[in-house]
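Just so we're on the same page: letters track the sequence lines, and every chain starts at 1.
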Amino acid sequence: MSDRSKLIATGKPFKFDKKRDTEFEQLVKRYPSRESMVLPALWLVQEQESWVCQEAIGYIADRIGTFASKVYEVATFYSMFNLHPVGKYHICVCRTLSCWLRGKQDIVNYFRDELNLTPGKATEDKKFSLEEVECLGHCGSAPVLQINGEFYENMDVDKVKKLLATFK
Amino acid sequence: MMQEAKILSAKFAIKNSNKLTVAKKHGAYQTLDKLFSSKQGDVIEIVKNSGLRGRGGAGFPTGMKWSFLPKGLDKPVYLAVNADESEPGTFKDRYILAQDPHLLIEGIIIACYAINSHDAYIYIRGEYTTQRTILQNAIDEACKAGLIGEKVGKQNYRINITIHRGAGAYICGEETALLESIEGKKGQPRSKPPFPAVEGLYACPTIINNVQSIASLPWIIQNGAMAYKRYGIESATGTHLFGISGHVEKPGVYELPFGLPLLDVINEMAGGVWKGRKLKGVIPGGSSCPVLTPEEAATATLDYASMAEHKTMFGSGGIVVLDETVSMPELAVNLTQFYHHESCGQCTPCREGLGWMEKILKKIVAGEATMRDLNLVRELCDNIEGKTVCVLAAACTMPIRALLDKYRDEFEALLKPEPTDAVTEASAEQE
Amino acid sequence: MTEMIKLFVNGEEVEVESGKNLIDALEKVGIEIPHFCYHPALGADGNCRMCLVGIEDGRPPVVPACKTLAKEGMKVLLDADNIKKIQHDVMELEFINHPTDCPICDQAGECKLQDYYMKYEGTESRMWVPQVTKRKMQDFGGGVIHDQERCVACGRCVRFLRQITRTGELGLVNRGDDCRVEFFPGRPINNRYGLNVVDLCPVGALTSADFRFKQRAWFLKRAESICHGCSKGCNIMVDHNKEKYEDDIIYRLRPRQNEQVNGWFMCDEGRMTYKLENDNRLEECTLAGAVRPLADIFADAERRIERATKVLFLVSPSASLEQLAAVQALAEKTGATVSAFSDGYIVKDDGDDFLIKDDKAANRAGVDLLGIAKSRTHFDNMAKEADVFINFGNDLSRSLSEEQIGRLFSDTWVLNGATHPGQLGAVMEKKVGSSIALRSWSEYHGVVVNCDGIAQKFVGGVMKNVERPDIVEMAAGLGSPATGTAAAWALVQKKIPALAEFGGFLELPAEGVKLTDNEAGK
């Protein structure tokens, strides 16, 4: 895993919006310990903002009543938390075993050659960002992409081309 | 012709089977009356007698696991359902979560009742977004229908089910790392003892079962242990959702009884090696299981004992087929990169060793390595394994060792000649 | 009494205390099991894997010693080939990404990696691929500097700040070989015990901004002492050195283990008190404003005591039992009154529930045990009557303003024994009849009694270039029958029978002697 410890500060205080605030209060009742809310709360942040900024980590720590260092640990440990802004369409390409066997590299090369998009980066217009991720659990329909949470199975370069055209 | 069994996958092909009304029409929740009129101990006995073994990968007998719970403790008992399916080559639980979530919920009710638990947490991997939504809807439906909640069944038994999302950490499939994650921490496995059955979630007795294990329960309760044992073989009863992927014509999930010949399953169910190519190897149960050569694969059957005889593991039943074009050194890099990426960073050997192995293997693939690098990476497999809190390190070293030993020629072919003065080279590299 | 059990180490029978893990149990009988992450104060974490030992007939056969309870009849294997190989292999893995920068590393000389390399590894590097690189020289706050590449990720610092200070500033972020210790941006180490993480760090990853690059560890002389910063009496090591042509200088104070007093720790303020021992010290003895030999000052003062109608001695509540007894004996002989007035040593609400106490006096309990008065009223009344006033090292400026001191002693002849200027206030010090520069606590031996009534010995290892008397010598010079520390100790034993069995202060056990249930200085 690469270094994820450099957090990005927005310079603005973070707060849950009304929807997430309500969800937080609902979820907290499901656990006997407030600390269990660290992961759910980080997910709420990411749903709200599409990434997790430094201020949000401090906010969650204070809201839960735990050390900021603990939330910081968790945010950097779990690779799905985006610790920097992502594109409008965040594309995750599975890089592991079965997807690799069935040609994920062609797709990654396509992004590189056609969109000048390499893993860990975003296109200049911030429309697309790309990440190579570990096994997505769709080995039977490899290679697979996950874009903003949606799965796209049995992909190849042609299908990727057509798919990208549908994203406005 | 080989036939699929339909214990877990009975509703997979039915449209909208994840909706309560549809699921009920096809038999969901029919075990509850019988369940709540049975004694809790009797339920455990049935599961013990069925021979059901954990379907997550370790294959530990489910009924026996339950019986490790201490008696008469003044603490709540928790059920944690492991839906963190992340072992490369494994994609079976996802089908249950998305196609038949009510089967899982019914199984949770059975398990909770058997182990006297009132709170179940389903730990689902963060990547399973659509699956989570479907599962949450099913839980809400079941709750509304009074199937779970404050008063369930004849005995007014309380059962709450909470979905807890992971966020991209393979290690959380390890049961104590999973508990740490629910508690809001990094997923770093705990030293055992204490075992979770004694001190698990929130330091309370906890049972952790795989999705497929739990989903097997309704059929067992409905039809009895003897009926379940008619499937499979003596040491591995029942059916399994085999995920077949890689270089086959028809990859997918197939429900089959244990004990069938591996190659027959690959050929008859999955259409054999794709594009008319030759078989080079089979990873039989997920990426951590040592690869089988075609010769070994020819005599292996899909059960725990046969895989052990072949010095590999049944694992999760995720079969990955490799055709003749696969570069085994590159495969070794791909797998090591995965385990290096997923090492939690706790134990020294795994934390430092897997990255080292990855770099050496990459050096070999790049054609920059010599024999001493190859010998070193082979030695590291032995040095790293078996010295850590959990088995993630071994999950990497076992398959890499097998690749290095069984396909050594391929690695050696990439080496450059040993420098005449190794010392000079070493000091040059240090600079 | 602790129950003892017998077990076997490499086939040899040893008797150890029951209820301890293998590392602690065997350490007590001199058998070392190497480890990085385990620390008795922080519990077993089990992450470093360096303490794996073999258990003959055990299941599993190899276990982490930190998590394994010593049991009767257990057969522990430390020198089996497989165990030696594990130790070698774990060390190699600790090293692959560790910089070879011992020559510029402050930890060199007291580094577990260095020690264990010599003992368990000792082979050439096989790191023929690039190392993982991380951040260098990070300011962690609280005077702690961090080098991520030297870190072995044992997590001791993280656990200390979570479990002991409960401030939780540090965390181990990332995973795999990218894991590293970090603080959350904007929330660096900020508590009164932060520097303990430097001692806890088994390697050179955490160093003290105050100490680093000042001295190599192997040049330092060590004196086992007691912190005089407050009434807790934390056991400390005074690390000092006298370089050629220079004075003997203290470079740092470190906590020394004493389970019934301070455990393994001390506060940061206490740690920094060494600077007072080094800096701004009085060096000269004066008579009527002129520098004079000590003998002249003693002779003059002795005459004045004889002629005076009322003499008042003021002692410090941080003075040793021997010093207090020597002054008491002088008072008895001359008819003088002794006071240990020191209200100002008590800083209300400064203490906490860990080590820091409100009372900044090191031996107030000793003052009480010897029956020395310390009330303000008593001191005020005696001061008004006295025509000779002698200060034996009390920092009166903590208790009274310059004005108050001036008023009390406006017509009094004053002899001021002091370690630092300003202890009687600058104005008064210009008017004193005589002054004597005294030794400070790092320069003499003695016994002090802490707030919990535990008598503890301390050794003064620092030898300053300027000769100064300590208080026992000052009292003796003024005619005290206690002519030396041994005589003073005999007087102490008469007053405190619990100490009678110890022939000299050095005979006191290392963990101290519990004298009373005194809760002074709360």
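Using the six-membered ring where Trp is involved, A:Tyr59 and A:Phe14 have ring planes that are perpendicular, over 60° apart on the 30 and 60° scheme.
Across all non-hydrogen atoms, the minimal contact from B:Gln131 to B:Ala98 is CG-CB, 4.1 Å.
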Exercise for review: Show your reasoning for whether ring-ring contact (aromatic ring centres under 6.0 Å, His included) applies to A:Tyr89 and A:Phe167.
Suggested key: CA-CA 8 Å; A:Tyr89 298 98; A:Phe167 293 138; 4.4 Å; yes
Practice item. Report the C-alpha distance between A:Tyr31 and B:His164 in whole Å, list the side-chain angles of each, state the deciding distance to 0.1 Å, and finish with yes or no for side chain to side chain donor-acceptor pair (under 3.5 Å). Key: CA-CA 10 Å; A:Tyr31 300 96; B:His164 192 88; 2.6 Å; yes
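For the options B:His340, B:Arg125, B:Glu87, B:Lys92, heavy-atom pairs under 4.5 Å to chain A are most numerous at B:Arg125. Of the listed residues (B:Leu322, B:Ile182, B:Ile171), the greatest number of heavy-atom pairs within a distance under 4.5 Å of chain A belongs to B:Ile182. In terms of heavy-atom pairs under 4.5 angstrom with chain B, the leader among A:Ile64, A:Asn154, A:Leu101 is A:Leu101. For the set B:Ser86, B:Ala270, B:Gly166, B:Gly318, the entry with the most heavy-atom pairs within less than 4.5 Å of chain A is B:Gly166.
Ionic pairing of A:Lys162 and A:Asp156 is not present here: no N-O contact between side-chain nitrogen and carboxylate oxygen is shorter than 4.0 angstrom. Classification of A:Glu132 and A:Lys104 as a salt-bridged pair holds, one side-chain N sitting under 4.0 Å from a carboxylate O. Ion pair A:Glu73/B:Lys186 flagged as a salt bridge, since at least one NZ, NE, NH1 or NH2 atom sits closer than 4.0 Å to an Asp/Glu carboxylate oxygen.
Using a 4.5 Å cut-off between heavy atoms, B:Arg94 touches chain A through its side chain atoms alone. Residue B:Ile319: no heavy atom, backbone or side chain, is found under 4.5 Å from chain A. Interface remark: B:Cys344 contributes backbone and side-chain atoms alike to the contact with chain A (heavy atom separation under 4.5 Å). At a 4.5 Å heavy-atom cutoff, the contact between A:Glu153 and chain B is made by side-chain atoms alone. Contacts of B:Ile244 with chain A are made by backbone atoms alone, with heavy-atom separations under 4.5 Å and no side-chain atom involved. For B:Val253, no part lies near chain A; criterion is any non-hydrogen pair under 4.5 Å. Of the two parts of B:Glu358, neither the backbone nor the side chain holds a non-hydrogen atom closer than 4.5 Å to a non-hydrogen atom of chain A. Proximity to chain A is limited to the backbone of B:Ile161, based on heavy atoms less than 4.5 angstrom apart. Proximity to chain A (any heavy atom under 4.5 Å) is restricted, for B:Glu342, to the side chain, taken from C-beta onward. Using a 4.5 Å cut-off between heavy atoms, A:Arg34 does not touch chain B at all. Neither the backbone nor the side chain of B:Leu201 has a heavy atom closer than 4.5 Å to any heavy atom of chain A. Residue B:Phe338 touches chain A through both its backbone and its side chain, counting heavy-atom pairs closer than 4.5 Å. Contact of B:Thr90 with chain A is made through the backbone alone, with heavy-atom distances under 4.5 Å. Neither the backbone nor the side chain of B:Ser316 comes within less than 4.5 Å of any heavy atom in chain A. At a 4.5 Å heavy-atom cutoff, the contact between A:Gln146 and chain B is made by side-chain atoms alone. There is no contact between B:Tyr170 and chain A, counting heavy-atom distances below 4.5 Å. Both the backbone and the side chain of B:Ser181 have a heavy atom closer than 4.5 Å to some heavy atom of chain A.
B:Glu330 and B:Asn334 are not linked by any side-chain donor-acceptor pair at a separation below 3.5 angstrom, with hydrogens and angles left out of the test. Checking A:Ser129 against A:Glu131 by side-chain atom types alone, no donor-acceptor pair falls below 3.5 Å. Between the side chains of B:Tyr128 and B:Glu85, at least one donor-acceptor pair of N or O atoms lies under 3.5 Å. For A:Thr10 and A:Glu55, the side-chain atoms include at least one donor-acceptor pair closer than 3.5 Å. In this structure, a donor-acceptor pair under 3.5 Å is present between the side chains of B:Ser287 and B:Tyr339. No hydrogens or angles considered: nothing links the side chains of A:Thr76 and A:Arg4 as a donor-acceptor pair under 3.5 Å.
Heavy-atom proximity under 4.5 angstrom to chain B picks out A:Glu134, A:Cys135, A:Leu136, A:Gly137, A:His138, A:Cys139, A:Gly140, A:Ser141 from residues 133-141 of chain A.
Here A:Ile91 contributes atom CD1 and A:Leu145 contributes atom CG; the two are 7.5 Å apart, rounded to the nearest 0.5 Å. Put simply, CG on A:Leu83 and CZ on A:Phe81 are 9.0 Å apart, with the number rounded to the nearest 0.5 Å. The distance from atom NZ of A:Lys161 to atom CD1 of A:Ile107, rounded to the nearest 0.5 Å, is 12.0 Å.
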